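Report on the structure given below.
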Amino acid sequence: MNYYEIAIIGANLAPLTYESQCVLNEFEIVTIKLRNKTQNGCIIKAVPKPDFKTLPVIERLNLTFTQLQITLAKFISYYYTCEIGVSLGLFEPFSHYRKSKCSFIKAPNLSPLQLEAAKFIKKNPISLLFGDTGSGKSEIYISLIREYLNLGKQALFLMPEISLTPQMQERLEAYFGDSVGVWHSKITPKKKQNLLSEFSQGKIRLIAGARSALFLPFSDLGLIVVDEEHDESYKSNSDPYYNAKDLAIYIANKMGIKCILGSATPSLNSYAKFPNFRLKGRFYASQKEYIYDHSPTGLNELILGEISQALQAKKQVIIFLPTRANFKFLICQKCGQSMQCPYCSIALSLHKKNRAMRCHYCGFACMIPSVCAQCNSDMLESRKIGTSELVAQIKEYFPFASIAKFDRDEITTQKKLTTLLKNFNEYKIDIIVGTQMLSKGHDYHNVSLAIIMGLDEHLDYSDYQARSKSLALAMQVAGRAGRANYGRVIIQGLKCEFFAEYMDEFDRFIADEMAVREGLYPPFMRLLRIKIEDKDESKAVSKMQQILGKLKSMAELEIVGYGKCIIELIASKHRYQILLRSATHTPLLKASKIARDYGALPDIDPVNFS
DNA sequence: AGCACGCCGACT
DNA sequence: GTCGGCGTGCTC
């Protein structure tokens, strides 16, 4: 009889020992019984006969994980301190792969500077392509992808949110046709099956996808492109809190895969760690003028005047506002209380559309009250304008303009997204009002005016990346204007001086920000955030205290702070946290494991501090 | 005493 | 993650 340690795929369990008549291969996938239920398991290693009774392996599936997948899964389990069963659960297993070859004739024409960039990328195993919006990064990616595909290799093109960027997909398909497969976690089961089958047949050899595309069964991966590498969406928002960009870098290093990180507003981390090629200037010759409007969020004479001029010139306008609904607050003018979610420490947003107050965290909804729940006063006032209200207000001023809203409430399906983009590019829409969605890589050809509102609050977030995120966001939105030959950008806010200082000067921002972060934050120091959540507040507090007790004596570990999270309550769970800092990873790994022992959630290299 | 519920630890 | 054992507390 043979004995094997088997990781139960998807289970938060250490590998368990089973017996088998046959000799099994490392990493092959089998079915076993756990608590009398059939589950998939992955053979980790052969072990001697244990001193407890073992159950037999039920069936050998004709599936395995690839070397790359195993390497990554082990790294995730090590670096993010989760069980191997959990990290393996992220991956799509491998059935077989037929290597296919076909050459792609069509290649983009590169400018001398683009050629130089491509040469630089070829020379360095991992490099940062620091290229302004519109400077032609895509052609460089495509040119390199083509080279790898023509060598018979597979390529992976990672994007923050593929579903939001149909244009990039179209572009890749224009060059690589049916060899492109689009992957994200919300793909329908049918499409997923088709893609996996074509992928294993070698028909699909370029995957364009969101962070989870890294977990597909690549067997001959030659190139990974991480587009918009500064984007936070590469970071998982549930345990394990992996960062697909960092995983791409790790696997590229480990397995000799070429890796390109691309951004117009790169992360300080990538800038510090990798050689970069600076691609300046715009591919489309255009002028841009910045107007800084030092006033609170909302429409005013300046903005209305600019919109009016743009519309008269038959140009289009985009307006960025990072707030959904009509208003973010409903405040009682008598007692000052804003209406709160009963399950979260979050103000309820006012949605006029279905006459509801809604919590954007847990989904709780109720009717719009007519009196204050605290003091019964009827002097309720809406505060902090959102996209819906802004659309309504603009309609009042420009009744003949066609105005569209572009946010999570409005764009609920892929179809709605493509329809909106199509209508906008066909000039059926004059003005788009939207949230972050708007800043993603869409090409708007006729936009002459971009208005950026409501970023003051972003700058205030107690987050070491508040400045870089805000500036990157503003630059991304600004980059959407002026693919037409002339663009105006209005940045509104009481802190617009910050943007005035750095807009279109990201190089200088990086230099200044490095000085701010030195000795405190990445790329100089590493962070670990431990989250403690419990429905019983006293339990959360005591767990936090116990963890702190264990951490206090640890060497080379600084306890930056601890206490309630900024959002104290979400979905009836009380939230506490500990923030730790270290120059090296090892102390943070130890701390992370201690957190796990108490059922807390360790978030290594956190990007979110709420 | 009998049963529902929720907590917590074990799962090979 | 999820199942089941066990303690608590409510009801008959």
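Because the structure is predicted, anything quoted here is derived from the model rather than measured. First the proteins, then the strands, lettered A, B, ... as listed; each starts at 1.
At a threshold of 4.0 angstrom between heavy atoms, the contacts of Lys535(A) with the nucleic acid are absent.
Under 4.0 Å is where a charged nitrogen must lie from a carboxylate oxygen, and between Lys235(A) and Asp605(A) no such pair does. Salt-bridge formation is not detected for the pair Asp536(A)/Lys543(A): no Lys NZ or Arg NE/NH1/NH2 atom is positioned less than 4.0 Å from an Asp or Glu carboxylate oxygen. Electrostatic pairing of Lys440(A) and Asp231(A) counts as a salt bridge here, judged by a charged N lying under 4.0 Å from a carboxylate O.
Atom NZ of Lys53(A) and atom P of dA10(B) are 20 Å apart (whole Å). Put simply, CG on Asn40(A) is 17 Å from C1' on dT12(B), counting in whole angstrom units. Rounded to whole angstrom, the span from the CD1 atom of Ile84(A) across to the P atom of dT12(B) amounts to 20 Å. Look at NZ on Lys37(A): it is 20 Å from P on dA10(B), rounded to the nearest Å. The CD atom of Gln39(A) sits 11 Å away from the P atom of dT12(B) (whole-angstrom rounding). Atom pair Ile44(A):CD1 and dT12(B):P shows a separation of 17 Å (rounding to whole Å applied). One interatomic measurement links the two molecules: CG of Asn36(A) to C1' of dT2(C), which rounds to 14 Å at whole-angstrom precision.
OP1 or OP2 of dC8(B) has at least one side-chain nitrogen or oxygen of Lys539(A) nearer than 4.0 Å.
Evaluated for a side chain to side chain contact (heavy atoms under 4.5 Å, CB included) with Tyr4(A), the options Ile32(A), Ile44(A), Val23(A) yield exactly one hit, Val23(A).
For the pair Arg581(A) and Tyr521(A), the cation sits on the ring face: its NZ or CZ lies under 6.0 Å from the ring centre, inside 45° of the axis.
Heavy-atom contacts from other residues, nucleotides or ligands closer than 6.0 Å to CD of Gln193(A) number 12 or fewer.
Using a 4.0 Å cut-off on heavy atoms, the residues of residues 4-35 of chain A that approach DNA chain C are Asn12(A), Arg35(A), listed by number.
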